[in-house]
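Residue numbers begin at 1 in each chain, while the letters A, B, ... track the order of the sequences. Below, each value reflects all heavy atoms present in this structure, side chains not excepted, and no hydrogens, waters or symmetry copies.
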Number of protein chains: 2
Amino acid sequence: MGLSKTEIFTKEQNHIASIAKVIGHPARVAILQHLFKMDSCICGDLVEEIGLAQATISQHLKELKALGLVKGNVEGQSVCYCIEKSKWVEIKKVLLNFLDQDVTDITKCC
Amino acid sequence: MGLSKTEIFTKEQNHIASIAKVIGHPARVAILQHLFKMDSCICGDLVEEIGLAQATISQHLKELKALGLVKGNVEGQSVCYCIEKSKWVEIKKVLLNFLDQDVTDITKCC
DNA sequence: TTTATTCATTGCAATATTGCGATAAATGTG
DNA sequence: CACATTTATCGCAATATTGCAATGAATAAA
């Protein structure tokens with residue numbers, strides 16, 4: 001149906017998935033990498049750097065902002081974006097916790 | 001257009017995104033968690049455990065297999081699935097490397 | 001005030017994803 | 001062999017995502 005049945009999963013499963021989903025697009029990965037590299041930058045820089053239309057970059061920034069990962073401050077006629085560090089630490093913790101699972105008893109594996 | 005312009009991104013960016021995308025669905029998170037918990041299990045268990053139709057679970061397993069994260073061995077009339085440990089370590093490394101970025105100069109942030 | 005610049009939003013088209021019923025394929029059982 | 005069980009695949013419908021041109025809103029500059 002194209003509709004995730006979020007209600008049948010745990011809050012944790014949905015949380016992990018929603019974080020991964022946002023990172024699951026190369027444009028958003030590129031935006032995050034650029035913001036880290038620059039420590040901060042304006043939207044126009046991202047449009048030039050990444051090579052997608054301004055409307056498209058704005059859309060991706062909106063999703064990053066929705067997750068709280070990125071914040072934007074109006075600076076004159078441009079907008080300065082940067083990583084919301086506390087949120088980054090938080091989502092890092094969630095993903096690390098998920099990734100740190102281990103196959104304990106390999107003999108039971110086929 | 002609904003089509004990711006993968007060609008304008010680096011191989012690394014596409015790689016990170018493709019991994020995150022697969023994890024970006026609660027059903028696949030649930031499948032991975034269950035496989036870790038059980039060390040191995042058969043598909044029928046997953047259908048019962050997760051509560052989606054068999055065809056749907058099979059579809060999600062296919063994506064996990066496409067990434068190489070999960071392998072399945074035929075065992076009689078059922079199939080035994082488990083985590084491909086080496087691949088898990090590999091994707092963990094890729095994601096950790098991405099997640100370990102840090103905002104260095106917070107004063108430049110707005 | 002008029003004009004230019006920058007970013008957000010809207011509306012659209014194209015494609016992708018999710019989910020499932022039906023069915024096929026493979027194996028085990030009687 | 002016929003039949004049951006288990007999983008994969010196909011085909012479909014519904015929804016989501018991606019991308020962009022056009023337009024709007026806000027500010028700066030002339």
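Every pair tested for salt bridge (Lys or Arg N to Asp or Glu O under 4.0 Å) that includes a residue from residues 8-23 of chain B fails, sequence neighbours excluded, so the list is empty. Listed by first and then second residue, the side chain to side chain donor-acceptor pair (under 3.5 Å) pairs involving residues 41-55 of chain B amount to none (not counting sequence neighbours).
Of the possible donor and acceptor atoms, none in the side chain of A:N73 sits under 3.5 Å from a partner among the backbone N and O of A:C80. In terms of modelled atom types and a separation under 3.5 Å, the side chain of A:K92 and the main chain of B:L99 share a donor-acceptor contact.
With rounding to whole Å, B:L67 atom CG is found 16 Å from C:dT17 atom C1'. Atom C1' of nucleotide D:dA26 and atom CG of A:N73 are separated by 15 Å, given to the nearest angstrom. Atom CD of A:E75 and atom P of D:dT27 are 14 Å apart (whole Å). When rounded to the nearest whole Å, the span between NE2 of B:H60 and P of C:dT17 equals 12 Å. Atoms CD1 (A:I31) and P (D:dT18) sit 11 Å apart, rounded to a whole Å. B:L46 places its CG atom 12 Å from the C1' atom of D:dT7, with the value rounded to the nearest Å.
Partners of B:A27 according to the side chain to side chain contact (heavy atoms under 4.5 Å, CB included) rule, which considers only residues two or more places apart in sequence or in another chain, are A:F9, B:H25, B:L52, B:H60. Shown here are the side chain to side chain donor-acceptor pair (under 3.5 Å) partners of A:T10, two or more places apart in sequence or in another chain: A:Q13. When the salt bridge (charged side-chain N to carboxylate O under 4.0 Å, His left out) test is applied to B:K62, no partner is found at least two apart in sequence or on another chain. Annotation: salt bridge (charged side-chain N to carboxylate O under 4.0 Å, His left out) contacts of B:K93 (sequence neighbours excluded): none. For B:E63, the side chain to side chain donor-acceptor pair (under 3.5 Å) partners at least two apart in sequence or on another chain are B:R28.
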Determine, for nucleotides 1-9 of chain C in 5'-to-3' order, which nucleotides have protein heavy atoms under 4.0 Å from the base (write B), from only the sugar-phosphate (write S), or from neither (write -).
-> ----BSBBB

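In terms of position along DNA chain D, the nucleotide closest to A:A53 lies nearer the 5' end than the nucleotide closest to the other residue of the pair A:A53 and A:G76. Residue order along DNA chain C, read from the 5' end via each residue's closest nucleotide, puts B:R28 first among B:V74 and B:R28.
Near-neighbour residues of DNA chain C inside residues 16-26 of chain B, defined by a heavy atom below 4.0 Å, number-ordered: B:K21, B:H25.
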